[in-house]
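Written out below as structure tokens is the structure these notes cover.
All ligand and atom numbering here is 1-based and tracks the order in the structure.
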Amino acid sequence: TTRFTRRTGLLAGAALAASTSGARADEAVAPITLRDLADARGIRIGAAVASRPLANELAYRDTLAREFSSVTCENVMKPSFVQATPGYFDFHASDAIVAFAAAHGMTVRGHTLVWHQQNPAWLERVAAVGENPAGALRDHIVGVVRHYRNDSPAPVPVWDVVNEALTDNGLMRDTLWSRALGPGYLADAFRWAHEADPDARLFYNDFGAEGLGRKSNAVHAMLRDLVGGGVPVHGVGLQMHVGIGHGHAPSGTDLAANIARLRALGLEVHVTEMDVKLQTGTGPDASRLADQAQVYADILSTCLDAGITSFTLWGFTDAHSWIPGFTGKPDGALPFDTAYEQKPAYHALARVLAGD
Ligand code: G3I
């Protein structure tokens, strides 16, 4: 596999040649990281972060800080965590992740303010039968965004304001918020977030809308209407939960066309939650890992060419991934294995970032 070095930015062989022609031969050369390579391109490379391993595992912390320049809280910024009790905001878990990011010069993608999952029971009740559901949603959004606003000690400059509001058929999803407030809740959510921090970049985030199809057409149409209506929406997150094997990832041409039409609306496009399942493919482990590396490489390469500015993975180590719990099957969807060793997918991402 290709090896990059931090000191010279050259391949190991070239670094060796350089060291024999001047630098001390015994000088330690730190490997170049995904983060270094993304910095050189002016984009962010990110990972979703879970609180427990961040607190308990040195290898988790080291790898995260070394390889990534952006973090997303995998769970602890969601309503069931930050407002478990009405009116009482508890940011201790999310603040710990935001502080880690700040200490390591990483940025934070805020995730997520409005979703149909991971809401506290009281908020679901207010949405279903409460007197003022709009007020409760507004208070939640404003409470969270204000805590992390631009002039706070640890600002969160980007938010997934609304998550997964459409169905696979491209219809408005029937959720606590669509039922309580009607489809206008989307525009209101963006307006409330904007009011709480006028400097924050506000995103709509969804899955299964990466390539071309019914759902991505609907996402595009919805965003076109929001932008056209003067609603403060600045970007779109393509989650990118994909897999190896035929039909489990968007084609490069479809992905490029979709990103282009979203950018033509004036929106910034981020990949927000990428992982690549192995269980959707067949064959021996080595060939499935090679297929996985190819999927990561193809998608990153298409996204870079298409002008995305941030590329986040949903985790980074197979030791901590939502996929086995969700599918009920072991997997290995991320670029580091359970021992934090780099997999073929890691080297593929590095090669693409390096422009090889
Ligand atoms: O907090 C409880 C804990 O108290 C309890 O002991 C434990 C026992 O199972 O469960 C904990 O809740 C879990 C929660 O994550 C926090 O760890 C839930 O069971 C579990 O279902 C939940 O899963 C999260 C899922 O969102 C919720 O739908 C995943 O970790 C998280 O990766 C996933 O992330 C979503 C994005 O936010 C949006 N896009 C899709 C993505 C994958 O589903």
Side-chain angles (χ1 to χ4, degrees), residues 46-57 60 64 68 70-85 90-94 96-97 108-124 140-141 144 156 158-168 173 175-177 186 189 202-210 215-216 219 235-243 248-250 269-280 299 310-336:
V49 175
S51 298
R52 209 170 305 152
L54 188 71
N56 298 340
E57 289 180 49
Y60 189 95
L64 179 65
F68 298 95
S70 176
V71 303
T72 305
C73 296
E74 185 175 0
N75 285 299
V76 297
M77 265 187 198
K78 293 168 180 173
S80 62
F81 286 84
V82 296
Q83 206 189 168
T85 307
D90 178 357
F91 295 109
H92 81 271
S94 50
I97 293 176
V108 181
R109 296 194 80 269
H111 175 84
T112 178
L113 301 169
V114 184
W115 195 24
H116 59 280
Q117 294 182 27
Q118 291 179 295
N119 291 300
W122 73 265
L123 189 57
E124 289 184 347
H140 178 76
I141 292 172
V144 179
V156 172
V158 175
W159 285 97
D160 291 334
V161 175
V162 180
N163 194 41
E164 302 172 7
L166 300 183
T167 67
D168 292 348
R173 188 188 290 276
T175 73
L176 70 168
W177 299 120
L186 271 123
L202 306 180
F203 279 61
Y204 175 75
N205 190 49
D206 214 329
F207 66 89
E210 291 85 6
K215 184 163 184 179
S216 69
V219 168
V236 55
L238 306 178
Q239 292 188 8
M240 206 69 76
H241 295 291
V242 300
H248 294 284
V269 182
H270 290 178
V271 167
T272 53
E273 304 186 13
M274 185 163 179
D275 43 27
V276 182
K277 284 187 282 296
L278 295 171
Q279 62 187 269
T280 51
I299 287 177
S310 173
F311 194 87
T312 288
L313 312 178
W314 206 240
F316 56 96
T317 164
D318 294 336
H320 302 287
S321 162
W322 71 292
I323 302 272
F326 182 76
T327 62
K329 293 179 196 152
D331 206 292
L334 292 164
F336 291 86

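Close contacts between ligand 1 and Glu273 involve ligand atoms 36 (C), 38 (C), 39 (N), 40 (C), 41 (C) [criterion: under 4.0 Å to a heavy atom]. Atom numbering of ligand 1 starts at 1 in the shown order; those under 4.0 Å from a heavy atom of Trp322 are 32 (O), 42 (C), 43 (O). Less than 4.0 angstrom separates some heavy atom of Gln239 from each of these atoms of ligand 1: 39 (N), 40 (C). Here is the list of ligand 1 atoms found below 4.0 Å of a heavy atom in Lys78: 26 (O), 33 (C), 34 (O), 36 (C), 37 (O). Against a heavy-atom cut-off of under 4.0 Å, Asn163 is close to the following atoms of ligand 1: 38 (C). Per-residue contacts place Gln117 under 4.0 angstrom from the following atoms of ligand 1 (heavy atoms of the residue considered): 27 (C), 28 (O).
Under the 4.0 Å distance rule, the nearest protein heavy atom to atom 33 (C) of ligand 1 falls inside the cut-off. Under the 4.0 angstrom criterion, atom 8 (C) of ligand 1 counts as lacking any protein heavy-atom contact. In this structure, atom 30 (O) of ligand 1 has a protein heavy-atom contact shorter than 4.0 Å. When distances from atom 40 (C) of ligand 1 to the protein are checked, a heavy atom turns up under 4.0 Å. Taking a distance limit of 4.0 Å, we find that atom 3 (C) of ligand 1 is approached by no protein heavy atom.
Taking 4.5 Å as the limit, some side-chain heavy atom of Val219 sits within range of a side-chain heavy atom of Leu166. Put simply, the side chain of His270 does not reach to within 4.5 Å of the side chain of Leu238, judged on heavy atoms. With a 4.5 Å cut-off on side-chain heavy atoms, Ile299 and Val242 count as touching.
Not a single N or O atom of His241, backbone or side chain, sits closer than 3.5 Å to an N or O atom of ligand 1. Checked against a 3.5 angstrom limit, the closest N/O atoms of Glu74 and ligand 1 fall inside it.
Closest to atom 1 (O) of ligand 1, if we only count protein heavy atoms, is Phe81 CZ, 3.9 Å. Here the protein heavy atom with the shortest distance to atom 27 (C) of ligand 1 is Gln118 OE1, 3.3 Å. Closest protein heavy atom to atom 38 (C) of ligand 1: Glu164 OE2, 3.2 Å. Nearest protein heavy-atom neighbour of atom 23 (O) of ligand 1: Asn75 OD1, 4.3 Å. Of all protein heavy atoms, the one closest to atom 36 (C) of ligand 1 is His111 NE2, 3.4 Å.
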task = Carefully, step by step, assess Trp159 and Arg109 under the rule side-chain contact (heavy atoms from CB on, under 4.5 Å).
result = CA-CA 6 Å; Trp159 285 97; Arg109 296 194 80 269; over 6 Å; no
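Under the 3.5 Å distance criterion, the side-chain polar atoms of Glu210 are matched with a main-chain donor or acceptor of Gly208. In this structure a side-chain-to-backbone donor-acceptor pair under 3.5 Å is missing from Asp331 to Ile323. In this structure a side-chain-to-backbone donor-acceptor pair under 3.5 Å is missing from Lys329 to Gly325. Although no hydrogens or angles enter the test, the distance criterion places a donor-acceptor pair under 3.5 Å between the side chain of Thr112 and the main chain of Asp160. For Asp206 (side chain) and Gly237 (main-chain N/O), no donor-acceptor pair under 3.5 Å exists by modelled atom type. Tyr60 places no side-chain N or O within donor-acceptor distance of the main-chain N or O of Val49, the cut-off being under 3.5 Å.
In this structure, Phe326 falls outside the shell of residues with a heavy atom less than 4.0 angstrom from ligand 1.
Taking the six-membered ring wherever Trp is involved, the centroid distance between the rings of His241 and Trp322 falls below 6.0 Å.
The distance from atom NE2 of His116 to atom CG of Asn163, rounded to the nearest 0.5 Å, is 8.0 Å.
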